[in-house]
Enquirer: 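Following this message is one structure expressed as structure tokens.
These numbers were taken from a predicted model, which means no experiment stands behind them. Numbered from 1 within each chain, the chains take letters A, B, ... in sequence-line order.
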Amino acid sequence: MSVNETLQKRQHIRRIVFILMALSVILPLIFKIGLPLKTTKEVRDVFEFIDSLPEGSAVVFSFDHDTATLPEMIPLAEALLRHSFRKNLRVLGLALLAEGAAIGDDNFRRIGNEFGKVYGEDYIFWGFRPQVTVAMLGLGEDISRVFPSDYYGKDVQSYPVMEGIDSYDDIAGVISIADGDMPVHWINYAQARYGVNVIPAVTAVMATTMYPFLQSGQIAGLAAGLRGAAEYEMLLGKPGRAARGMDAQSSAHLLIIGLIIAGNVLMIIERRRK
Amino acid sequence: MHRKLPMYICFLFGAFMLVQFFIPHRTSTAIYETILDWVQIIYAFSLLVGVALLIKHHAIIATRPSAKDRPYSGIVLGGIIGMFIFGIFFGRGEDTAFLWVFKYVQAPMQATMFSLLSFFVASAAFRGFRARNTQAVFLLVAALIVMLGRVPVGDMISGFIPKAADWLLNVPSMAARRGIYIGIALGTISTSLRVILGIERTYLGGSRG
Amino acid sequence: MDIGTTVAAILTLAIYSFLYRDNPFYKVAEHLLLGVSVGYFLVTTIVTTIMPKLFIPVFANGELSYLVPGILGALMFLRFSRKLSPYSRIPLALIIGVGSGVAIPAYMQAQLIAQLKTTMLPLDDISNIIIIAAVVSVLMYFYFSREHKGLTGAGAKAGMYFLMVFFGSTFGYTVMARVSLLIGRMQFLLGDWLGIIK
């Protein structure tokens, strides 16, 4: 077989794999199977943490991600926001990555409207701050110094929702919705120094990096990826997009496992031939 | 002096921030808060420098008649200018052009760009994920257990699979990651000390002063 | 179906066209993405950080002390000048100094002491023994001041196997993450755009 033919064959196989991948996701989305989903302890811990907070407690949502991971991040943020609003918590928001600012503000308004919450009275979005380290440390000293005004340029202290909230001492927990290692920074700078509770809601890629902190008790729980969001939706009793995507998640995983096995079988056959 | 002054500044501010942690006096706390405040402003300028460099790069290409990618650089500049005008002059809240472009142009494209990786992961799983030696077998088995154990179908096949995935994540994988974290902490502490003391100066654009 | 959803769907398909081969539709979408992302970033940085932290305190409130970080920040732009570029290192040195100063106690507390403390587990459980063995052996693997021979070598080798388990688990989760992103985009195309699924 010539080099050209080999390349063409490879390209052909590649395209077949791409089509199989697309089908493995599309078909279960159209023809629902409804596989049962069990909740894990990590996600239940997050749920119970928020559920145990008394009405009026303040929680901070930090949108520490960009638009690349929206399909994973938004279901997580939505589920956690719905729970916080349902519990009548005071919801405060910020972004440590620039794109998180528009995402956070949009989600706050959308989910806030669902529950009839009023901006400035029940929730507020502070905006974006670069240099995560100093921003996290600054919030432990004086929030209004880090964020003198909110996302819309109005004095932060003029909003009723901010009454009695000056630093981490007045905050029940920081929920870092992150697609990178931002929760680790929250642990290093906010949890270790100021003792604030940190709850990571991260992409699945970041899940394994959070387990050491889960075991050491440095984080209150862990919700990771679309699966974490699906579990949270189940705990809320309102299955949404994430839960509906779990069938597709299962079939795509089965396809990839099948591809790995097929690749290895081919390798063994080729070795035997030689 | 060009190198010494930054080194002294680095030492002064680094040493102060370190000492302040152990001696949180009222005066030192006030200075500490001021420094935190200042750094946010200074850092924001560094981001603008990055943007300026990118604009400069594409402006050069867009104005060079012989450049092949000239139209594409024009699109980049058009995007920057458009968003700048929308955001600065017409607001960023609900029902603004800025948020519309963000929601319907930027966000879907960026998310789609990353979702392309699922196809490449599938392709790589077939072509590259081979159990060639014992180490690769460990990697492969761990991956298969987690992949199956973290989706509903794994539980349907056997209740043992999710339990195995849980154990794997909470024991050997967690402990290995902890080892990495401890290593990172030791490395960060020593590098930070070297930076403060002026031994590590690569950020000045060279290793020798 | 609103116009925004259709625009988003067309751009989504333009990006997916790369799966067939690189093409002008993909390139236009790619560069448009770069442009609007940078534009967004520029506006957000100016409006939510530079304005409230620098311009308003200085020009509206008369807090002139904020001119100091403003000037230091502006020095960063001197990197564009061949002659004056060394001065752009001054604000950089300040940021690096501050970052290093705060990092030492933070990493010491959160990642070194806390993580070591929680590894001191009673040896009455097989999982606990594995945790201790894994942490020690992974640290041995990263210990390069001594040749990996004898006991150190055996420890480092064991560390490598534990690392492989970690990488494998992470790969498993990475697959999960990438698939989730595809599910999200397909839910958008089939649901929000075409209305085939709910």
Enquirer: Sort K56(B) into side chain, backbone, both or neither according to what part of it lies under 4.5 angstrom from a heavy atom of chain C.
Expert: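 For K56(B), side-chain heavy atoms alone lie under 4.5 Å from chain C.
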Enquirer: What option among I85(B), I182(B), V39(B) has the most heavy-atom pairs under 4.5 Å with chain C?
Expert: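 Most heavy-atom pairs under 4.5 Å with chain C: I182(B).
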Enquirer: Which heavy atom in S127(C) sits nearest to a heavy atom in W167(B), and how many Å separate them?
Expert: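 Taking every non-hydrogen atom into account, OG-NE1, 2.9 Å.
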Enquirer: Considering only heavy atoms and a distance below 4.5 Å, find which of L94(C), L163(C), V175(C), I71(C) pairs most often with chain B.
Expert: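 Going by pairs under 4.5 Å, I would pick L94(C).
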Enquirer: Could you look at S46(B) and say if it's the side chain, the backbone, both or neither that has a heavy atom under 4.5 Å from chain C?
Expert: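 For S46(B), backbone and side chain are both near chain C.
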Enquirer: For the interface with chain B, which of A93(C), A14(C), A110(C), A134(C) has the highest count of heavy-atom pairs at distances below 4.5 Å?
Expert: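 Top option by heavy-atom pairs under 4.5 Å: A93(C).
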Enquirer: Hey, does L75(C) have a side-chain heavy atom less than 4.5 Å from the side chain of F45(B)?
Expert: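 No, their side chains stay 4.5 Å or more apart.
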Enquirer: Roughly how far, to the nearest 0.5 Å, is the CD1 atom of I96(C) from the CE atom of M7(B)?
Expert: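 Output value for this atom pair is 13.0 Å.
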Enquirer: Of the non-hydrogen atoms in L11(C) and Y104(B), which two are nearest, and what is the gap between them?
Expert: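 Scanning both residues completely, I find the closest heavy atoms to be CD1-O, 3.9 Å.
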Enquirer: At a 4.5 Å cut-off on heavy atoms, which part of R89(C) comes close to chain B: side chain, backbone, both, or neither?
Expert: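 Its backbone and side chain both get close to chain B.
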Enquirer: Grab the two heavy atoms, one from I196(B) and one from S100(C), that are nearest each other, plus how far apart they are.
Expert: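 Between these two residues, the closest heavy atoms are CG1-CB, 3.8 Å.
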Enquirer: Between Y87(C) and chain B, with a heavy-atom cut-off of 4.5 Å, which part of the residue counts as in contact: side chain, backbone, both or neither?
Expert: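 Just the side chain, heavy atoms under 4.5 Å.
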Enquirer: Side chain, backbone, both or neither: which part of V195(B) has a non-hydrogen atom closer than 4.5 Å to chain C?
Expert: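 Only the side chain of V195(B) comes within 4.5 Å of chain C.
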Enquirer: Any chance the rings of F162(C) and F138(B) have centres within less than 6.0 Å?
Expert: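 For F162(C) and F138(B), the ring centres are not under 6.0 Å apart.
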Enquirer: Which bit of Y181(B) comes within less than 4.5 Å of chain C, counting heavy atoms only: side chain, backbone, both or neither?
Expert: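 Contact with chain C is through both the backbone and side chain of Y181(B).
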Enquirer: Looking at R178(C) and L117(B), would you say the former's side chain and the latter's main chain have a donor-acceptor pair under 3.5 Å?
Expert: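 Such a contact is absent between R178(C) side chain and L117(B) backbone.
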Enquirer: How far does CD1 of I88(B) sit from CG of L42(C), to the nearest 0.5 angstrom?
Expert: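 It comes to 7.0 Å.
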Enquirer: Which atoms of T134(B) are under 4.5 Å from chain C, going by heavy atoms: the side chain, the backbone, both sets, or neither?
Expert: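 Both parts, backbone and side chain.
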Enquirer: Let me confirm one number: the CD1-OG1 distance from I41(B) to T49(C), rounded to the nearest 0.5 Å.
Expert: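 I41(B) CD1 to T49(C) OG1: 9.5 Å, rounded to 0.5 Å.
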Enquirer: Looking at M76(C), M176(C), R185(C), which makes the most heavy-atom pairs under 4.5 Å with chain B?
Expert: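 If we count pairs closer than 4.5 Å to chain B, R185(C) comes out on top.
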Enquirer: Identify which part of I46(C) has an atom lying under 4.5 Å from any heavy atom of chain B, answering side chain, backbone, both or neither.
Expert: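 For I46(C), the side chain is the part near chain B, not the backbone.
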Enquirer: Using heavy-atom distances under 4.5 Å, tell me whether M160(C) contacts chain B through its side chain, its backbone, both, or neither.
Expert: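 Only the side chain of M160(C) comes within 4.5 Å of chain B.
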Enquirer: For L53(B), which atoms come within 4.5 Å of any heavy atom of chain C: side chain, backbone, both, or neither?
Expert: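 The answer is both parts of L53(B).
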Enquirer: Side chain, backbone, both or neither: which part of S85(C) has a heavy atom under 4.5 Å from chain B?
Expert: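 Contact with chain B involves no heavy atom of S85(C) at all.
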Enquirer: Could you look at F21(B) and say if it's the side chain, the backbone, both or neither that has a heavy atom under 4.5 Å from chain C?
Expert: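 The side chain, not the backbone.
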Enquirer: Taking it one step at a time, do W100(B) and V7(C) satisfy side-chain contact (heavy atoms from CB on, under 4.5 Å)?
Expert: CA-CA 11 Å; W100(B) 191 92; V7(C) 170; 4.0 Å; yes
Enquirer: Let's test your reading of the structure: which of L116(B), I55(B), I81(B) forms the most heavy-atom pairs below 4.5 Å with chain C?
Expert: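 Most pairs with chain C among the choices: L116(B).
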Enquirer: Given a strict heavy-atom distance threshold of 4.5 Å, which part of Y26(C) is in contact with chain B: side chain, backbone, both, or neither?
Expert: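 Just the side chain, heavy atoms under 4.5 Å.
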Enquirer: Can you tell me which portion of V165(C) sits under 4.5 Å from chain B's heavy atoms? Options are side chain, backbone, both or neither.
Expert: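 Answer is both: backbone and side chain atoms of V165(C) are under 4.5 Å from chain B.
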Enquirer: Can you find a pair of side-chain heavy atoms, one from F13(B) and one from I95(C), that are under 4.5 Å apart?
Expert: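 Of all side-chain heavy-atom pairs linking I95(C) with F13(B), none is under 4.5 Å.
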Enquirer: Can you tell me how far CG of L54(C) sits from CD1 of I42(B), rounded to the nearest 0.5 angstrom?
Expert: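 So the CD1 of I42(B) and the CG of L54(C) are separated by 10.5 Å.
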Enquirer: Using non-hydrogen atoms only, which part of F77(C) is less than 4.5 Å away from chain B: side chain, backbone, both, or neither?
Expert: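 Both parts, backbone and side chain.
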Enquirer: If you tally heavy-atom pairs under 4.5 Å against chain C, which of Q20(B), Q106(B), R150(B), M147(B) wins?
Expert: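 The candidate making the most pairs under 4.5 Å is Q106(B).
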Enquirer: Given a strict heavy-atom distance threshold of 4.5 Å, which part of L140(B) is in contact with chain C: side chain, backbone, both, or neither?
Expert: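 Neither part.
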Enquirer: Which region of R92(B), side chain (C-beta onward) or backbone (N, CA, C, O), has a non-hydrogen atom less than 4.5 Å from a non-hydrogen atom of chain C, or is it both or neither?
Expert: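 Contact with chain C is through the side chain of R92(B) alone.
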Enquirer: Compile the donor-acceptor pairs under 3.5 Å between side chains in residues 69-78 of chain B and protein atoms, sequence neighbours left out, one pair per line.
Expert:
residue	atom	partner	partner atom	Å
R70(B)	NE	A62(B)	O	2.7
S73(B)	OG	H58(B)	ND1	2.9

Enquirer: Quick one: closest heavy-atom pair of A142(B) and S169(C), and the distance?
Expert: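 Shortest heavy-atom contact: CB-N, 3.9 Å.
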Enquirer: With a 4.5 Å cut-off on heavy-atom pairs, point out which of L72(C), V179(C), T12(C) contacts chain B the most.
Expert: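 Of the options given, most contacts go to T12(C).
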Enquirer: Search all heavy atoms of S192(B) against all heavy atoms of I104(C) and return the closest pair with its distance.
Expert: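 For S192(B) and I104(C), the tightest heavy-atom pair comes out as CB-CG1, 3.5 Å.
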Enquirer: Report which part of S180(C) has an atom under 4.5 Å of a heavy atom belonging to chain B: side chain, backbone, both, or neither.
Expert: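 Neither part; nothing is under 4.5 Å.
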Enquirer: What closest approach, in Å, do M83(B) and V36(C) show between heavy atoms, and which atom pair accounts for it?
Expert: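 Smallest heavy-atom distance, with atoms named: CG-O, 3.6 Å.
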Enquirer: For T118(C), which atoms come within 4.5 Å of any heavy atom of chain B: side chain, backbone, both, or neither?
Expert: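 Both the backbone and the side chain of T118(C) come within 4.5 Å of chain B.
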Enquirer: Measure F86(B) against the heavy atoms of chain C and call it side chain, backbone, both or neither at under 4.5 Å.
Expert: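 It is neither, since no heavy atom gets under 4.5 Å.
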Enquirer: Under a 4.5 Å heavy-atom cut-off, does chain C meet the side chain of A44(B), its backbone, both or neither?
Expert: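 Both parts, heavy atoms under 4.5 Å.
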Enquirer: Would you say the side chain of F142(C) lies within less than 4.5 Å of the side chain of L186(B), judging by non-hydrogen atoms?
Expert: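 Contact flag for L186(B)/F142(C) side chains = no.
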Enquirer: Pick one of side chain, backbone, both or neither for V121(B), based on which atoms fall under 4.5 Å of a heavy atom in chain C.
Expert: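 For V121(B), side-chain heavy atoms alone lie under 4.5 Å from chain C.
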Enquirer: So how far is it from M113(B) CE to L181(C) CG, rounded to the nearest 0.5 Å?
Expert: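 Nearest 0.5 Å value for the CE-CG distance: 13.0 Å.
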Enquirer: With a 4.5 angstrom heavy-atom cut-off, which part of L48(B) approaches chain C: side chain, backbone, both or neither?
Expert: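 Answer is both: backbone and side chain atoms of L48(B) are under 4.5 Å from chain C.
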Enquirer: In terms of relative ring orientation, are F18(C) and F120(B) parallel, tilted or perpendicular, with 30° and 60° separating the classes?
Expert: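 Perpendicular.
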Enquirer: In Å, rounded to the nearest 0.5 Å, how long is the span from CD of Q135(B) to CE of M164(C)?
Expert: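 Here the interatomic distance stands at 5.0 Å.
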Enquirer: So which part of V68(C) gets closer than 4.5 Å to some heavy atom of chain B, the side chain, the backbone, both or neither?
Expert: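 For V68(C), the side chain is the part near chain B, not the backbone.
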Enquirer: Using a cut-off of under 4.5 Å on heavy-atom pairs, state which of G50(B), A122(B), A143(B) scores highest against chain C.
Expert: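 Most heavy-atom pairs within the cutoff with chain C belong to A143(B).
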Enquirer: Determine whether I184(B) and Y107(C) satisfy the following criterion, side-chain contact (heavy atoms from CB on, under 4.5 Å), listing intermediate values before the conclusion.
Expert: CA-CA 9 Å; I184(B) 289 173; Y107(C) 277 82; 4.2 Å; yes
Enquirer: Between V101(B) and chain C, with a heavy-atom cut-off of 4.5 Å, which part of the residue counts as in contact: side chain, backbone, both or neither?
Expert: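 V101(B) touches chain C through side-chain heavy atoms alone.
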Enquirer: Let's go through V98(C) and W38(B) carefully: what are the C-alpha distance in whole Å and the side-chain angles of both, what is the deciding distance for side-chain contact (heavy atoms from CB on, under 4.5 Å) to 0.1 Å, and is it a yes or a no?
Expert: CA-CA 11 Å; V98(C) 169; W38(B) 283 14; over 6 Å; no
Enquirer: At a heavy-atom separation under 4.5 Å, does L32(C) approach chain B through its side chain, its backbone, both, or neither?
Expert: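 Looking at L32(C), backbone and side chain both touch chain B.
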Enquirer: Tell me, side chain or backbone of Y141(C) under 4.5 Å from chain B's heavy atoms, or both, or neither?
Expert: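 Answer is neither: Y141(C) stays 4.5 Å or more from chain B.
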